[in-house]
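Just so it is clear: chains get the letters A, B, ... in the order the sequence lines come, proteins before strands, and each one is counted from 1.
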There are 2 protein chains.
Amino acid sequence: MKAPRAAGKSRRGAETIICTVDVVLLSLLDDSLHVALLKREREPFSGALALPGGEIKAGVDLSAWDAAARMLKAKTGVQGPYLEQLATFSGPGRDPRGWSISVAYCALVSAELLQNAGSALHVVPVNRLPALPFDHRSIINVAVTRVRSKSQYSSLPVYLCGNRFTLPQLQSVYEAVLGEAINKVSFRRKMDELGMLEPISGAFEVGRANRPAQLYQLRRAFRRRLSLLERAINAGH
Amino acid sequence: MKAPRAAGKSRRGAETIICTVDVVLLSLLDDSLHVALLKREREPFSGALALPGGEIKAGVDLSAWDAAARMLKAKTGVQGPYLEQLATFSGPGRDPRGWSISVAYCALVSAELLQNAGSALHVVPVNRLPALPFDHRSIINVAVTRVRSKSQYSSLPVYLCGNRFTLPQLQSVYEAVLGEAINKVSFRRKMDELGMLEPISGAFEVGRANRPAQLYQLRRAFRRRLSLLERAINAGH
DNA sequence: TGAATAGTGTCTTTGAGACAATATTGC
DNA sequence: GCAATATTGTCTCAAAGACACTATTCA
């Protein structure tokens, strides 16, 4: 056993800062946003559900974004999703080991992709979060607020869909995220204006007792980049 | 002199991460955004112009925001401005001492307040930046982009005005930040809609050869909080 | 009185939502 | 054909911009 030493303090008395990343992995299940949580395997809070995350490894990671992508892949199996920096949380009180910084990231994946990911994942609705360690509850709330806000005027929700989807499917994703109905004609005008979608020629959603819907995919240029609107998708509230 | 040791490495071989904050202090001079820079007094890049910033002190700061506010006051004399987290920049290459994180903040002040601040400040236009150390140029660019973007649908630019201002003055601040003309009638409708301003009864801008303009101030509730719009201030482009 | 700019009224244009008509499928 | 939903056309309403008119000051 090592010699006892105050947690997070170096020998010279200057407190070391703990540098971590946390990932809020979101997806849409049953028309409501869900977040992926994991049982912690280490202290502090060993055994508790928490966001996937961990310490940045200076010898391994080339940036905090890289650290987040590495952590996400290692802990959940999810690889190459939409992954965006959210905000940085810091202070002496958020981690019992001492003064810490967490660079939080937000990842969006399709429900399908999340199902195929690690079975160790606990996927819970964001409006029924269990008690969470650290400030993970606030981090999730910031993520959800950001996603809802950005969805008003951008193509963000397409990352909650799979590779191919119909316009009615995409509209219902927008409606679920925004929590309000959207006019069908306006929605289609907006999607056209965003210019990020292309119909997959000859591909339709079949098997239902109605006119089949055209399948669309993201244009190559928008696979990793958002498309922005001047005006919100749903103007009236 | 201390015993030689590889920069940024602890004795156990795990590289220590350098935790800093940087503040992009912006103001509007001559209708264009300017940023405040300081001559660095320490290595690395001693003597070079750079953003005010420095290492987070775990023993002193209660958060990265606190560290930014402390640094800003100590280095520029500016106290209690609008101060908002921007993003976090990180990696092994941005600081020659080793793997580093910088939590960047954006501060907005009136030109008047900046003039009265420390005379050591070098206030330069953001579109004519000198060569800067670290990744300070990217940080400034992100700040400017964010400010322009937020100004489209919020009250952000009021923090570039003094305590009292006229609507024509505020409009010209918006126009300078957004880089485009705004319809006068629409602008006034929007300011009314934002609901953040109150006329200072009986106070007018006098001394000019025209009808005097009503002076306004921020309502108490909005002294530190933004007010947001559903739609952008300038819809057409 | 005239120049200058503040502040307001109102018409026109643009864009969003309502509604409905048409298109295609499985049964 | 009928039920169901996709897709599109068009009318209505509200918001944004253009323009002009009135208000008030100094020279």
>> Test of understanding: with ring pair (Phe, Tyr, Trp, His ring centres under 6.0 Å), list the residues that count as partners of B:F222, not counting sequence neighbours.
In response: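 If we apply the ring pair (Phe, Tyr, Trp, His ring centres under 6.0 Å) test to B:F222, skipping adjacent residues, there are no hits.
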
Rounded to whole Å, please give me the gap between [atom1] in [X] and [atom2] in [N].
X      : N      : atom1 : atom2 : value
A:E230 : D:dA16 : CD    : P     : 13 Å
B:K190 : D:dA15 : NZ    : C1'   : 8 Å
B:D192 : C:dG7  : CG    : P     : 13 Å

> Would you call B:E205-B:R164 a salt bridge at under 4.0 Å N-O?
Replying inline: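 Salt bridge flag = no for B:R164 with B:E205.
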
According to side chain to side chain contact (heavy atoms under 4.5 Å, CB included), who are the partners of [X], at least two apart in sequence or on a separate chain?
X      : answer
B:L113 : B:V78, B:V109, B:S110
A:P199 : A:Q214, A:Y216
A:A181 : A:E175

> Restricting to pairs with a member in residues 151-172 of chain B, which pass ring-ring contact (aromatic ring centres under 6.0 Å, His included), not counting sequence neighbours?
Replying inline: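 Output for this query lists B:Y82-B:Y159.
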
>> Quick test of your reading: applying ring-ring contact (aromatic ring centres under 6.0 Å, His included), list the pairs with at least one residue in residues 166-185 of chain A, sequence neighbours left out, ordered by first then second residue.
In response: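 ring-ring contact (aromatic ring centres under 6.0 Å, His included) check on residues 166-185 of chain A returns A:Y174-A:F187.
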
Enumerate, atom names and distances included, each donor-acceptor pair closer than 3.5 Å involving a side-chain atom of residues 64-73 of chain A, sequence neighbours excluded.
| unit_1 | atom_1 | unit_2 | atom_2 | d |
| --- | --- | --- | --- | --- |
| A:W65 | NE1 | A:L83 | O | 2.9 |
| A:D66 | OD2 | A:L62 | N | 3.4 |
| A:R70 | NE | A:D61 | OD1 | 2.7 |
| A:R70 | NH2 | A:D61 | OD2 | 2.9 |

> Bend angle of the helix from C:dT1-D:dA27 to C:dC27-D:dG1 from five-pair axes at both ends, rounded to 10°?
Replying inline: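 One end axis against the other gives 10°.
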
>> Strictly under 4.0 angstrom, non-hydrogen atoms only: write out the protein contact profile of nucleotides 5-14 of chain D, one letter per nucleotide from the 5' end, B, S or -.
In response: BBBBBB----

> Which residue pairs pass the side-chain hydrogen bond (donor to acceptor under 3.5 Å, both in side chains) test with at least one member in residues 220-229 of chain B, sequence neighbours excluded?
Replying inline: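 Counting only pairs at least two positions apart or across chains, no side-chain hydrogen bond (donor to acceptor under 3.5 Å, both in side chains) contact touches residues 220-229 of chain B.
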
>> Just to be sure I understand the geometry, which residues of residues 170-177 of chain B put a non-hydrogen atom under 4.0 Å away from DNA chain C?
In response: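 By residue number: none to list.
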
> Heavy-atom contacts under 4.0 Å between residues 154-165 of chain B and DNA chain C, which residues?
Replying inline: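 The stretch gives none, as no residue of it lies under 4.0 Å from the strand.
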
